[in-house]
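Notes follow the structure.
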Amino acid sequence: MKRIKELEGIPVAEQPVYRKGNSVETSITFEPAGKTVKVRPGTTVLLAAQQNRVHIPTRCSGLASCLMCKIQVEAEHEAALSPATQAERRKLGPLLQQGTRLACQAKISGQAVVRLSEDPLKAAVRKLLEAQEREDDSLW
């Protein structure tokens, strides 16, 4: 799919909603991958990710019990997701005010951008590669 350019300065309520036949669609962008996909409003972030081969770790199948599917939502995109569920408020507590949500509970209602946690193995490899680039190659 083509990447949809982020609309800056436009309130979420005024952002485009795509119509496909008789159904209504909106979009979600998964960062840091930058993958933008079209989804139906009411779809959970976890389901949208799974349907589009974006990995979000989970063990509880969307029951809000494992807390593995935490995502970050920036303030300007909070309105594009459903309000926090009772399970989220109970499990996340003060993390909600910092923009943390559970992908299995947050439903998409408008054009959203969410940030996924970096896989620990990928993070370790990235750090090693960055350190290797900084090394002095003149010794070789």
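Computed from heavy atoms alone, side chains included, the values below leave out hydrogens, waters and symmetry copies.
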Is the shortest heavy-atom distance from the side chain of [X] to the side chain of [Y] under 4.5 Å?
X: Leu129; Y: Arg126; answer: no
X: Ser109; Y: Ser82; answer: no
X: Ile28; Y: Val114; answer: yes
X: Lys70; Y: Arg101; answer: no

Please test Val37 against Ser27 for side-chain contact (heavy atoms from CB on, under 4.5 Å), starting from the C-alpha separation and ending with a verdict. CA-CA 5 Å; Val37 296; Ser27 67; over 6 Å; no

Quick check for you: to the nearest 0.5 Å, what is the distance between [X] atom [atom1] and [Y] atom [atom2]?
X: Leu81; Y: Ile71; atom1: CG; atom2: CD1; answer: 6.0 Å
X: Arg59; Y: Met68; atom1: CZ; atom2: CE; answer: 4.5 Å
X: Lys107; Y: Thr85; atom1: NZ; atom2: OG1; answer: 9.5 Å
X: Arg40; Y: Gln51; atom1: CZ; atom2: CD; answer: 9.0 Å
X: Leu116; Y: Lys35; atom1: CG; atom2: NZ; answer: 11.5 Å

Checking side-chain polar atoms at under 3.5 Å, does Thr100 have a donor or acceptor matched by the opposite partner on Gln72? yes

Distance-only, no hydrogens or angles: does the Thr29 side chain make a donor-acceptor pair with backbone N or O of Val113 under 3.5 Å? no

With a sphere of 6.0 Å drawn around CD of Glu130, does it hold more than 12 non-hydrogen atoms of other residues, nucleotides or ligands? yes

